[in-house]
Amino acid sequence: MKFLKQVGDYAKEAVQAAKYIGQGLSVTFDHMRRRPITVQYPYEKLIPSERFRGRIHFEFDKCIACEVCVRVCPINLPVVDWEFNKETKKKQLRHYSIDFGVCIFCGNCVEYCPTNCLSMTEDYELSTYDRHELNYDNVALGRLPYKVTNDPMVTPLREFVYLPKGVIDPHDLPPGTRGAGKLPEEILQETEK
């Protein structure tokens, strides 16, 4: 009787092991049918979406030191240093800085700026070895970064969500091909009809 119990336990364990192997292979086969997501990073970069919120660009000449950006920021992040000019009876901007080590990239400062001196860029490569290097002053904020599509050292790739229907490989797209979705203008035209 003891021998039959041992054979029965062995058979149950073998069936359970086969079940676990089947579950693991089902996950593997599921991933084999998906699109490839590998991007050879330093040499290939994904083109960010149109509304991507990257590093903030600042134009010193447009700023009127109204400090709206500081008031709408959830963490009071931008540092605006100004002095009152008695001759013109206006604020005169002396220094502007943002610490991107603390910034949450919400975009409120860009949205509420009355003079449009702030704008979001496609720059997402802000890694440094020293956290103090992430504190950008008005000179560093004024530098425009390379766009991924204009950088001669990089092959730009479309994000896989924006590929045309049925296309899997972003490397072989002819220039000017459209994505699978509709543009906002097309959606408005459909709703008007």
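Nothing fancy with the numbering, it's 1 onward along the sequence.
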* Applying side chain to side chain donor-acceptor pair (under 3.5 Å), which residue pairs with at least one partner in residues 109-121 are found, sequence neighbours left out? -> none
* Where the side chain of Glu44 meets the backbone of Gln40, is there a donor-acceptor pair that is under 3.5 Å apart? -> yes
* Considering residues at least two apart in sequence or located in another chain, which fulfil the side-chain contact (heavy atoms from CB on, under 4.5 Å) criterion with Thr149? -> Ile47, Lys147, Pro156
* Decide whether Val70 and Met120 are clustered together by the hydrophobic rule: side chain heavy atoms of Ile, Leu, Val, Met, Phe, Trp, Tyr closer than 4.5 Å, transitively. => yes
* To do: First locate atom OG of Ser49, then atom CD of Glu122, and finally report the distance between them rounded to the nearest 0.5 Å.
  => 9.0 Å
* Asked: Is there a path of hydrophobic side-chain contacts, each under 4.5 Å between heavy atoms of I, L, V, M, F, W or Y residues, that connects Phe105 with Val68?
  -> no
* Asked: When rounded to the nearest 0.5 angstrom, what distance separates OG1 in Thr28 from CD in Gln23?
  -> 12.0 Å
* Taking side-chain contact (heavy atoms from CB on, under 4.5 Å) as the test, write out the residues that go with Ser127, two or more places apart. => none
* Among all residues two or more places apart in sequence or in another chain, which pass the salt bridge (Lys or Arg N to Asp or Glu O under 4.0 Å) test with Lys89? -> none
* **Distance-minimising heavy-atom pair for His95 and Asp137** => CE1-CB, 3.6 Å
* Listed partners of Glu125 passing salt bridge (Lys or Arg N to Asp or Glu O under 4.0 Å), at least two apart -> Lys45
* Student check: side-chain heavy atoms of Thr88 and Asn85 closer than 4.5 Å -> yes
List, one per line, each side-chain donor-acceptor pair under 3.5 Å for residues 3-10, sequence neighbours excluded.
{"from": "Lys5", "atom 1": "NZ", "to": "Asp9", "atom 2": "OD2", "distance (Å)": "3.4"}

* Specify the closest pair of heavy atoms between Leu118 and Cys69, including all atoms of both residues, with the distance to one decimal. => CD1-CB, 4.1 Å
* Asked: Would Val139 end up clustered with Leu134 when hydrophobic side chains under 4.5 Å apart are linked, directly or stepwise?
  -> no
* Asked: Cluster partners of Leu188, using ILVMFWY side-chain heavy atoms under 4.5 angstrom, listed by chain and number?
  -> none
* Does the side chain of Ile64 come within less than 4.5 Å of Lys91's, by heavy atoms? -> no
* Any chance CZ of Phe84 has more than 12 other-residue heavy atoms, nucleotides or ligands included, within less than 6.0 Å? -> yes
* Asked: With sequence neighbours left out, which residue pairs that include part of residues 123-146 fulfil the ring-ring contact (aromatic ring centres under 6.0 Å, His included) condition?
  -> Phe100-Tyr136
* Asked: Considering all heavy atoms of both residues, which atom of Trp82 and which atom of Ala65 are nearest to each other, and what is their separation?
  -> CB-CB, 3.9 Å
Donor-acceptor list for residues 72-80 side chains, cut-off 3.5 Å, not counting sequence neighbours:
none

* Could you note down all residue pairs passing salt bridge (Lys or Arg N to Asp or Glu O under 4.0 Å) where residues 52-63 supplies at least one of them, sequence neighbours left out? => Arg55-Asp123, Glu59-Lys62
* **Pairs touching residues 39-66 that satisfy ring-ring contact (aromatic ring centres under 6.0 Å, His included), sequence neighbours left out** => Phe58-Tyr96
* Asked: Residues sharing Val15's hydrophobic cluster, by side-chain heavy-atom contacts under 4.5 Å among ILVMFWY, directly or via others?
  -> none
